[in-house]
2 protein chains.
Amino acid sequence: MTVETAKKRIIESGLKFTHQRMVVYNALQVSADHPTAESVYEKVKEANPSISLGTIYKTLENFVRAGILKKFTDDVGVMRFDPMLETHSHLYFTDTQEIKDYKDPGLVLLLKKYFEENQIDNFEVEELSLVIKGKTK
Amino acid sequence: MTVETAKKRIIESGLKFTHQRMVVYNALQVSADHPTAESVYEKVKEANPSISLGTIYKTLENFVRAGILKKFTDDVGVMRFDPMLETHSHLYFTDTQEIKDYKDPGLVLLLKKYFEENQIDNFEVEELSLVIKGKTK
DNA sequence: TGTCAGCTAATAATCATTCCTATTTGAGAA
DNA sequence: TTCTCAAATAGGAATGATTATTAGCTGACA
Ligand SMILES: [Mn+2]
Ligand SMILES: [Mn+2]
Ligand SMILES: [Zn+2]
Ligand SMILES: [Zn+2]
């Protein structure tokens with residue numbers, strides 16, 4: 001079932017279906033955190049020892065271009081890949097280094113409304129993202 | 001005058017005053033953009049050809065630790081140094097690659113208030129920063 | 001069954017940043 | 001003023017993440 005879903009998703013995004021793409025796809029769907037290319041590599045390599053790190057990078061990049069994943073650069077400059085496509089913010093845990101999703105439609109609306117009412121001179125807002133740093137309470 | 005101000009600022013931050021520190025300090029005070037270590041190096045090297053890139057990095061880092069500068073990682077993962085110490089946001093110009101300051105106390109209050117009223121489960125917010133991407137209108 | 005465009009593995013190259021170390025500098029002690 | 005020593009610097013090597021290159025492989029399709 002997971003295999004079929006993955007296959008379907010990959011093919012309908014316009015990419016050819018391959019074993020490597022499937023395992024990378026699945027690794028991301030089950031990940032709660034926001035894995036780096038390196039951590040996807042480590043995970044995938046367990047069952048697929050011959051896969052190369054370059055393929056991981058290229059596959060992730062292809063998925064981003066195809067709209068299957070998003071990517072962002074974390075606060076130390078490392079690329080993170082994110083299977084959640086809807087607009088959301090990230091919580092940076094300064095104690096554990098985790099990055100968790102924070103989805104809040106109310107906040108999105110609030111910000112959108114704010115910038116509609118308070119235009120910035122000579123600037124057209126295209127994308128807003130809030131970086132939230134803090135720690136476990 | 002600039003020299004004396006720089007000297008004063010560096011010494012009162014607890015650092016020894018050196019020529020290298022002065023020129024790096026001044027390069028940042030006059031910069032409108034948010035320079036990288038490399039761009040500070042290029043600028044400073046004109047009048048100080050023997051300064052080394054390692055010294056630029058170390059000096060900038062010392063200034064950050066001393067509270068004279070702030071630093072952040074831009075959207076492609078490169079370190080940026082910022083002489084504006086007060087809380088503010090950054091406008092990322094997707095067309096020109098510029099990063100400009102956007103200071104808006106109203107927005108800061110709005111966000112602060114929002115997160116006081118809408119607590120996040122098991123998370124204590126320490127720092128909020130809004131990344132604003134867009135282009136010249 | 002043969003072809004060919006697209007994939008992949010392996011490895012080299014790049015880029016930003018940090019580390020290392022021999023040498024220099026300069027503030028304070030004598 | 002001269003001496004001394006910790007701190008600072010220059011220059012280059014090392015590191016880590018990412019991208020580029022390329023030769024060989026694979027699988028859909030004629
Ligand atoms: Mn790095
Ligand atoms: Mn990098
Ligand atoms: Zn996310
Ligand atoms: Zn700024």
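Given the structure is predicted, the values throughout are model-derived calculations rather than measurements. The figures that follow rest on heavy atoms only: side chains count, while hydrogens, waters and symmetry mates do not.
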(message) What residues from residues 55-65 of chain B pass a heavy-atom cutoff of under 4.0 Å to DNA chain C?
(response) Tyr57(B)
Atom-to-atom span, [atom1] of [X] to [atom2] of [N] - whole angstrom:
{"X": "Tyr25(A)", "N": "dC7(C)", "atom1": "OH", "atom2": "C1'", "result": "20 Å"}
{"X": "Lys7(A)", "N": "dG27(D)", "atom1": "NZ", "atom2": "P", "result": "11 Å"}
{"X": "Leu15(B)", "N": "dA8(D)", "atom1": "CG", "atom2": "C1'", "result": "11 Å"}
{"X": "Lys45(B)", "N": "dA10(D)", "atom1": "NZ", "atom2": "C1'", "result": "13 Å"}
{"X": "Ile11(B)", "N": "dA8(D)", "atom1": "CD1", "atom2": "P", "result": "12 Å"}
{"X": "Leu53(B)", "N": "dC19(C)", "atom1": "CG", "atom2": "P", "result": "14 Å"}
{"X": "Ile51(B)", "N": "dT9(D)", "atom1": "CD1", "atom2": "C1'", "result": "9 Å"}
{"X": "Phe72(B)", "N": "dT17(C)", "atom1": "CZ", "atom2": "P", "result": "12 Å"}

Ion pair present between [X] and [Y], side-chain N to carboxylate O less than 4.0 angstrom?
{"X": "Lys45(B)", "Y": "Glu42(B)", "answer": "yes"}
{"X": "Arg80(B)", "Y": "Asp74(B)", "answer": "yes"}
{"X": "Lys112(B)", "Y": "Glu116(B)", "answer": "no"}

(request) Ignoring the backbone of Ser52(A), work out which of dA9(C), dT17(C), dG11(D) is nearest its side chain. (result) dA9(C)
(message) Using the side-chain heavy atoms of Gln20(A), tell me which of these nucleotides is nearest: dT18(C), dT19(D), dT8(C).
(response) dT8(C)
(message) Checking side-chain polar atoms at under 3.5 Å, does Glu98(A) have a donor or acceptor matched by the opposite partner on Thr96(A)?
(response) yes
(request) Give a yes-or-no answer on whether the side chains of His34(B) and Asp101(B) include a donor-acceptor pair shorter than 3.5 Å. (result) yes
(message) Between Thr59(A) and Tyr25(A), is there a side-chain heavy-atom distance shorter than 4.5 Å?
(response) no
(message) Within the structure provided, determine whether Lys100(A) and Phe93(A) are in side-chain contact (heavy-atom separation under 4.5 Å).
(response) yes
(request) Could you check whether Ser50(B) gets within reach of a base, just the sugar-phosphate, or nothing at all, counting any heavy atom under 4.0 Å? (result) sugar-phosphate
(message) Return the NZ to OG distance between Lys58(B) and Ser52(B), rounded to the nearest 0.5 Å.
(response) 8.5 Å
(request) Treat primed atoms plus P, OP1 and OP2 as sugar-phosphate and everything else as base, then score nucleotides 23-30 of chain C 5' to 3': B for base contact with protein heavy atoms under 4.0 Å, S for sugar-phosphate contact only, - for none. (result) --------
(request) Mind checking side-chain contact (heavy atoms from CB on, under 4.5 Å) for Thr94(A) and listing every partner two or more places apart, or none if nothing turns up? (result) Lys133(A), Lys135(A), Glu126(B)
